[in-house]
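All chains are named by letter (A, B, ...) in the order of the sequence lines, taking the proteins before the strands, and each is independently numbered beginning at 1.
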Amino acid sequence: MLPEAAMLHDNSLMRQRRDKIKAASDAGEVAFPNDFTPTWTSADCYRWFLEPGRQNTFLAIAAGEPLNPALAPTSGSVVLPSPRVSVAGRILAINVKGKVAFLRIRDRTSPELPLLRKQDDDLREAQGLERRGSDATTFQLYFSREACPEVFDRLLKATPGAAWDGPLLDVGDIIGAHGMLFRTRTGEPSIWVVGQGDTPAMRRLTKSVRPLPDKFHGLQDKELRFRQRYVDLIVNDEAREVFRRRSQITKGVRHFLDERGYVEVETPMMHPVLGGAAARPFRSHHNALDMPLYLRIAPELYLKRLVVGGIDRVYEINRNFRNEGLSQRHNPEFTMLEFYRAYATYEDLMVEVETLIEGLARDVTGGTTVPWGKTADGSPRLIGLQAPFARVRIRDGLVQWGGLDPREIDDETVLRAKAVALGVHIDDHAPLGKVQLELFEAVAEPHLVQPTFVIDYPAVTSPLARRNDARPDYVDRFELFIGGIEISNAFSELNDSEDQYHRFLAQLEQKQKGDEETMEMDLDYIRALEYGMPPAAGCGIGIDRLTMLLTNQDSIREVILFPHMRPEHLSADVAVSEPDAPDQGAV
RNA sequence: GGGCCGGUAGCUCAGUCGGUAGAGCAGCAGACUUUUAAUCUGUUGGUCGAGGGUUCGAUUCCCUCCCGGCUCACCA
């Protein structure tokens, strides 16, 4: 039985928490209110503490109000005026200590807190105070029974005789609180929670019926982390950081391209004709039109139609779908940036790509040297992302890493023998160019850790790329490898409609030989080219893989919020429905 | 699809050379007026992934299946 299956059933912890909802309802409260407006975020609060004179322990009193005797300063405390603040968030820890209590909450600004805490530490150090030294992503609320006895007894402590004999709050609940800013004896920026008039010190806004995972170890099971990403995001700081960076990356890409005059577009994700890449598609069907459709494997042909239409600089960031195997680096749907630039060559795009990636590394990681996995001795492997990147020709790579003599590069017999010796499988019907490419990938990719543009691609493997003027069997194309994985693929675009037509024909021939990943003839695309596409170059960048690189994650599933999984209910159904099965005897 | 490893409390894990299981956290009861993985005392909680076999007895051994992780192959 899957752990999830068990969780579909109620358990004692959940029953207990549901009873607490009922206790609140019975007391006349709205169980799930939506009338609380936080006025400050946790980051707002932190920044308040960064102001001069607020680094050491102090007690805050509400500005303009008399000192509340319940908030009597401990001996030696400085008293500072504080604004009254309302904050809201999810409780990540409850710590009741006699007649005081501490809650740690998280809100939408929590990712900013580690940096703010560091700034705070720097200020404290400059004044001869101890660094707090914490990278906590939660913000602290302080309660004293004296300041808010009704809240304290009802929400945080057992109250004998109450509808529910115990604290009504649990870790995981979402609360709204009101109070003043102060620093505890240990210097922790906190809110002294205290009500004001009709404003209660604290209210529960949402009850969490399911208990959260272990507060220290978090959620470790990868399957549960991916299936229940919401829980992963609640309890695992690293997961939140990965997706914060992913958002920065896509924003950074858009900013970079927008600044250079590119126009963002959205083209069809359902294609009547398969094209733009070599891959197996997902098939669908339109009922009203009674026609087959493919989920797109690449946006390329539509984007180039737009270049024909006069959008000389165009890009799209969106999903591609490929009906192929799953792996650490492959998800059936993945996010691709493609951009096209008229009057540019693939060499121009190399500069554009290395500038983009260097800039993203700076924006997202703060530098151009990023850690990527570990070296053989266990220390972090470092990748330098400062431009320019290295460039290597496929034939040079075959010589350098494949141990081939330069004269053997065009000898298919020698290459195939080499492939067999290395245990690399290459189709018998593959032409020389494809043999070269596959052999190169086998021998060179492990060496392509530092960013490297691979160039000199054989024309047969690139049916949409422009031929090299001097050597028509080759195309003006590059692939960018970083960390041993392919990050980008780009080429000068073929805009000769007649050549394009014949290359599509060649694809059809490949298909008849049994290749399942060929493109189809796209006559409308040929027609578009016949109107004339300006000379152009285009580039694709795998956003998921780029995110892996800039977050040091070795699996694509760590950078996709909801990676593809087997359907969960197959196993859960068995476990859950068994007691009610109508014909249990007939097995 | 092949190979290797795994599934034990809500979570993180230990354990049982075959005699129906433990810890920490969470929960519950209590103590504690500045904690931050708080601490201390007591305590609840388990169809040991599912089914079958061997056995007096299976969570443990065997078989099948389900689910997952890693890995190889195809692919970006």
Touch class at under 4.0 angstrom, heavy-atom based, for A/G540 against every strand present: nothing

Minimum heavy-atom distance between A/G484 and A/R329, given as atom pair plus value: O-NH1, 3.8 Å

Any donor-acceptor N/O pair under 3.5 Å between B/G24 base and A/D214 side chain: yes

Candidates B/G27, B/U12, B/U36 - which lies nearest the side chain of A/D170: B/G27

B/C61 and B/C48, which share atom name C1', separated by this distance in whole Å: 15 Å

No-H, no-angle donor-acceptor pair, A/R132 side chain to B/U36 base, under 3.5 Å: yes

A/F182 vs A/Q220, nearer the 5' end of RNA chain B by closest nucleotide: A/Q220

Nucleotide nearest A/P211 when distance is taken to its side chain, options B/G10, B/C67, B/U33: B/G10

Whole-Å distance separating the CD atom of A/E324 from the P atom of B/A76: 7 Å

N/O donor-acceptor pair, side chain A/Q140 with base B/U35, under 3.5 angstrom: yes

Gap in Å between the two P atoms, one belonging to B/U60 and one to B/G19, rounded: 11 Å

Distance between C1' atoms of B/G3 and B/A50 (Å, rounded): 24 Å

Sugar-phosphate only, base, or nothing, as touched by A/V235 at under 4.0 Å among non-hydrogen atoms: nothing

Most 5' of A/R557 and A/E188 on RNA chain B, judged by nearest nucleotide: A/E188

Ring centroid separation A/F491 to A/Y457 under 6.0 Å: no

side-chain N/O A/R17 vs B/G10 OP1/OP2, d < 4.0 Å: no

Side-chain donor-acceptor pair present, A/T137, A/S110, cut-off under 3.5 Å: no

Whole-angstrom distance between B/A9 and B/U44, as gauged at atom C1': 11 Å

Between B/C11 and B/G30 - C1' atom distance, rounded Å: 25 Å

Please tabulate, for side-chain N and O atoms in residues 90-103 of chain A, each donor-acceptor pair with protein atoms closer than 3.5 Å (sequence neighbours left out).
| residue | atom | partner | partner atom | Å |
| --- | --- | --- | --- | --- |
| A/R90 | NH1 | A/G172 | O | 2.8 |

Sugar-phosphate only, base, or nothing, as touched by A/N331 at under 4.0 Å among non-hydrogen atoms: base

Dot-bracket notation for RNA chain B, counting Watson-Crick and G-U pairs under 3.5 Å, with | for partners on another strand: (((((((..((((.....[..)))).(((((.......))))).....(((((..]....))))))))))))....

hbond_proxy A/T184 side chain to B/U35 base (donor-acceptor, 3.5 Å cutoff): yes

Euclidean distance for P, B/G15 against B/G27 (whole angstrom): 27 Å

OP1 or OP2 of B/U39 under 4.0 Å from side-chain N/O of A/K97: no

Sugar-phosphate only, base, or nothing, as touched by A/E479 at under 4.0 Å among non-hydrogen atoms: nothing

Partner residues of A/D214 under the side chain to side chain contact (heavy atoms under 4.5 Å, CB included) criterion, sequence neighbours left out: A/F216, A/H217

Backbone N/O of A/S208 and side chain of A/D173: donor-acceptor pair under 3.5 Å: yes

Nearest heavy-atom neighbours spanning A/L219 and A/N236: O-ND2, 3.1 Å

Out of B/U33, B/C11, B/G27, whichever nucleotide has its closest atom nearest the side chain of A/L224: B/C11

Touch class at under 4.0 angstrom, heavy-atom based, for A/A93 against every strand present: nothing

Between B/U35 and B/C40 - P atom distance, rounded Å: 15 Å

Check ion pair A/R104-A/E188 (N to O, under 4.0 angstrom): yes

Donor-acceptor pair (no angle test) under 3.5 Å: A/T138 side chain, B/U36 base: no

Touch class at under 4.0 angstrom, heavy-atom based, for A/K157 against every strand present: base

Touch class at under 4.0 angstrom, heavy-atom based, for A/R280 against every strand present: nothing

B/U8 and B/G45, which share atom name C1', separated by this distance in whole Å: 14 Å

N/O (side chain, A/K215) to phosphate O (OP1/OP2, B/A26) under 4.0 Å: yes

Least distance between heavy atoms, A/F478 atom then A/Y346 atom: CE2-O, 3.4 Å

